[in-house]
Every structure is written in structure tokens, then in C-alpha cells.
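See structure below.
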Amino acid sequence: MSQWGSVSSLVKDVQTRKRTAKELVQQSLKTIKVNEDYKAIIATTEERALKRADEIDRQIAQGEDAGRLAGVPFIAKDNFLAFGADTTAASNILKGFDTPYQATAIERLEAEGAICVAKANLDAFAHGSSTENSDFFATHNPHDKTRVPGGSSGGSAAAVVLDMAPFALGTDTGGSIRLPAAFCGAVGYKPTYGLVSRYGVIAMASSTDVIGPLTRSVEDAALVLDVMAGKDEFDSTTIERGKEGYTDLAGNLKGKKIGLIKEYFDGLDEDVKKVIDAATIKLKKAGAEVVEVSMPSLPLALAVYYIICPAEVSSNLSRYDGQRFGFSAKDVKDIDESYKKSRSQGFGSEAKRRIMIGAYVLSSGYYDAYYKRAQTVRTKLINEFKEAFSNVDFLLGPTAPSTAFKIGQNTDDPLKMYLTDIMTVAVNLVGVPAISVPAGEISGLPVGLQLIAPQKKDRELLEMADKTEELLK
Ligand code: GLN
């Protein structure tokens with residue numbers, strides 16, 4: 001059982017002075033300390049967090065409005081620019097980078113009284129599916145220390161499940177919120193592309209990057225999304241928030257049409273299939289209509305993603321040259337050597353791999369064969385999702401092909417690691433919203449159920465997920 005309860009109940013406690021913001025921050029910092037050996041956290045922002053807590057308690061004592069998230073501690077993945085600790089993206093090349101401004105998402109949460117208490121571990125620059133690609137250390141799964149928490153937001157997911165804070169923030173470029181949520185037994189929400197500003201979040205693949213919450217319930221995810229969502233003048237890809245907002249979820253399963261994604265069940269692990277099948281039966285009993293849906297280009301999504309993503313990564317990582325942010329190589333004779341040495345010493349092997357693949361697929365000789373073709377198939381995928389959504393309200397499948405694997409199991413074989421993302425990447429290429437909710441366990445390890453909705457149907461998806469979560473409890 002969680003020590004926190006729902007986010008809205010915590011806010012009520014702080015506003016009615018049953019508990020202080022300071023107590024909550026201290027409780028959070030204590031839980032982080034007690035669970036240190038899971039290595040979910042890179043740094044705490046203790047001093048600043050306690051100061052902010054005092055300020056919020058003072059506001060409340062004076063009868064001022066301290067906001068919709070008054071006094072609630074949260075943890076941000078360390079690729080969010082946030083005050084109070086360095087921002088490293090878990091990469092050596094950013095070590096010592098002290099941000100001059102904060103991400104819009106953090107600013108919006110803070111404006112409503114939430115308090116960032118720590119920065120969570122991730123695969124460096126969010127490249128990975130297990131958090132083992134962190135340049136600093138690997139994070140352990142809360143259910144089994146010998147296993148990975150998933151990635152790349154593995155620190156955030158583990159932190160939430162270990163009760164270090166009531167919620168955490170992650171980023172999802174190809175599954176990095178949903179996959180760790182599934183592996184750790186949390187709720188992970190990936191909004192429609194553009195619904196939450198990416199300003200102040202270290203870019204991975206700009207055309208698929210989104211920001212979202214990792215929480216203990218769908219209700220909490222909806223509240224956090226509601227505070228972060230909407231247009232931002234600093235990110236021109238942001239879209240208007242939905243008129244009704246994302247809280248006070250209602251909705252009904254009766255009469256909803258759900259499409260089981262055929263391609264995600266072909267050759268699926270039998271145990272995972274059993275868990276998803278059992279959930280589907282419950283949905284049917286609750287009145288949903290379940291049909292099978294096929295999207296023939298889906299098996300190509302992984303290959304498409306691992307061309308487009310490195311292409312964008314190679315471009316986004318070109319700004320780290322040892323001159324402007326964080327690490328700079330010592331003992332260099334001129335600027336060229338400084339660029340070379342800073343990059344070769346500062347980047348880890350996965351970042352280098354992606355820079356090389358990206359530069360290759362964008363090069364004049366191979367652009368048509370790889371990058372252009374991948375974009376063509378991406379358009380096909382967008383059309384197939386549109387077609388599917390002309391027949392059903394939501395799509396359903398597992399979040400991952402297996403439960404959490406052992407630490408070290410896939411580290412020697414990048415392709416095997418990439419295969420972990422087979423059920424998450426298409427959603428990012430298409431820009432639609434998706435959520436992973438806990439659906440059950442296999443030998444003590446959580447299994448995630450993934451629900452997907454059409455673009456901008458975030459509210460409908462959260463309502464559906466809220467009902468599904470209730471059914472699966
Ligand atoms: N695992 C995927 C990758 O390594 C997705 C990462 C992410 O969503 N940040 O590219």
C-alpha cells in the first residue's frame with residue numbers, strides 16, 4: 001500500500017492544514033534515502049524543495065491560494081531542465097550542467113504548488129529500454145532487484161512504485177513512459193503529440209518526443225496532465241488543450257468498441273497473452289464490444305522508428321560539442337580537437353551508435369534508401385491507424401512482449417534491446433495518445449495493458465483507462 005493516497009487527497013490535506021508541505025517533502029526525501037540501493041535517483045533538490053515547501057505552508061497559513069497541487073512532491077526524469085540540481089540526462093557529457101531556466105512542464109506544475117524533490121535516472125539521453133544505458137548506474141526493478149525497471153524513464157517508474165513521491169514525470173519517444181510503467185506496475189501516460197510542451201526538455205527525436213506522468217492511478221495521471229497540457233509560446237508544436245480538460249473523469253464502457261491489435265498477439269509470450277485475454281474478457285463483461293483489428297504495416301514500425309529516431313538524434317546531439325554545456329575535454333591543442341575529444345569522451349556507446357546510424361541514413365548516398373522510405377512507411381502507418389479508428393473507439397494490446405528481463409540480459413545485443421519496443425513505437429510515429437495500466441502479474445512481475453486512442457482523444461482515453469483500471473483491480 002502506498003503511503004501517499006491520491007494526489008487530490010494530499011492536496012486537500014495540505015490545504016486544510018492537516019499536513020504541511022514540509023512534512024510531505026521530508027517524507028519523500030526520507031523514502032528516497034531508504035530506497036537508495038534501487039538507484040532510481042541521480043540527485044535530490046533537497047534545499048530548494050524544502051524552501052518551496054516553507055513558502056507554500058506560509059501561503060496557506062495566510063489564507064492564500066497555494067494551487068491545485070499545493071505541497072505535492074514529485075520527481076522529474078533528469079532530462080527535464082529543473083532548478084535545484086544539475087541537469088545531466090544521465091550522460092557524462094552534461095555532467096555539471098546547471099540550467100539557466102526550467103522546462104515549461106515543471107514551471108506549470110510549480111505554478112500550481114507542486115514541488116520537484118529529485119531527478120530520476122534514465123538511459124542516457126533517453127536512448128534505451130532498460131535504464132542500463134545510463135552513463136552513471138543501472139536502476140533496479142522494485143519487484144525484483146536482479147531485473148531492469150524498463151526504460152528509458154526507469155528511474156521515474158521505479159521511484160513511483162517505491163513510493164518516493166506521489167508522481168513522477170517521464171518522456172516517451174518510442175515507449176519510454178509506457179514500458180517502464182508496465183515493467184514496474186505503474187500507470188504511464190503518453191499524451192497526444194504536442195499536448196504538453198517540450199520546451200526545456202532535452203530533445204531526443206523531436207517528431208516523436210512527448211512528456212507525460214507516471215503515477216499510481218489513472219486519476220492522478222489525469223490531474224497531472226491537466227496542469228501541464230496546452231499551448232506554449234516556446235514550443236510551436238503545442239496544441240490547444242481539450243475544452244473539457246482532463247479531470248472529473250466519467251465515461252462508460254458500455255457500447256465502446258475496442259480493437260484488439262492482431263499483430264501484437266502474433267507469437268506473443270503465452271503468459272502475457274493470458275493476462276491480456278483475461279482483461280479483455282472483463283471488458284466484454286462490462287459491456288464493451290471487442291473486435292480484432294489488423295494493421296498490416298505494423299510489423300515495420302520498429303524498423304521505421306530505428307531509422308527516423310537515430311536520424312533526429314544525430315541532429316539533436318550535434319549541439320553537445322564541449323563548448324556550451326557541461327563537460328569539456330582537457331589538454332586539447334585547438335578547437336577541433338576539443339570538439340572531437342569532448343564528444344568521444346563525453347558520449348556513451350549508445351549515443352555514439354545512434355549518431356552514426358543517424359548520420360548514415362541521412363547521408364546523400366543512403367537518404368532515399370533509408371530515411372525517405374522510412375518516412376513513406378510512417379505515412380502508411382498513420383493512414384492505417386486512421387482507418388482502424390474509423391471502425392473502433394480504442395485499440396488494445398500488451399505494452400511489452402514480456403515482463404521485466406534480467407539486468408545484463410540484453411546489453412550485448414542492441415537489436416534484442418530494440419525489440420523490447422515492438423509494441424510501443426508505432427504510437428509515437430503516429431502521434432496518438434496511449435496509456436499503460438497494470439493488468440496483472442506473472443510470477444510476481446507486473447504486466448501492462450496498453451490502450452490507444454485517436455489524436456486529441458486524451459480525455460476519452462483517460463476515461464476508458466480509469467474504468468479499465470477499476471475492472472482489473
Ligand atoms: N526504447 C526506445 C529507444 O531506445 C524509446 C526511448 C524513449 O521513448 N525515450 O529509442
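Atom set for the values below is all heavy atoms of this structure, side chains included, hydrogens, waters and symmetry mates excluded. For ligands, and for the atoms within them, numbers begin at 1 and follow the listed sequence.
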- Task: Examine distances only and state if a side-chain atom of S342 and a backbone atom of S328 form a donor-acceptor pair shorter than 3.5 Å.
- Result: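 No, the answer is negative, given that no donor and acceptor are paired below the 3.5 Å cut-off.
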- Query: Which pair of heavy atoms, one from A229 and one from R241, lies closest together, and at what distance?
  - Reply: O-NH1, 3.5 Å
- Message: Would K352 and F347 count as a cation-pi pair here, with the cationic atom under 6.0 angstrom from the ring centre and within 45° of the axis?
- Response: no
- Message: Quick check with a 6.0 Å cut-off and a 45 degree axis cone: is K256 positioned over the face of F394's six-membered ring?
- Response: no
- Item | Lys/Arg-Asp/Glu bridge criterion (N-O < 4.0 Å) met for K457, D393 |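 No, no charged N to carboxylate O under 4.0 Å.
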- Message: Once side-chain hydrogen bond (donor to acceptor under 3.5 Å, both in side chains) is applied, what residue pairs with a partner in residues 429-448 remain, sequence neighbours excluded?
- Response: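 For residues 429-448, and leaving out neighbouring residues, the side-chain hydrogen bond (donor to acceptor under 3.5 Å, both in side chains) pairs sorted by first residue read T399-S436.
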- Message: Please output the residues near ligand 1 using a strict heavy-atom distance under 4.0 Å, listed in chain and residue-number order.
- Response: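 Residues A126, H127, G128, S129, S152, D172, T173, G174, G175, S176, M204, Y305, Y306, R354, D421 each place a heavy atom under 4.0 Å from ligand 1, listed by chain and number.
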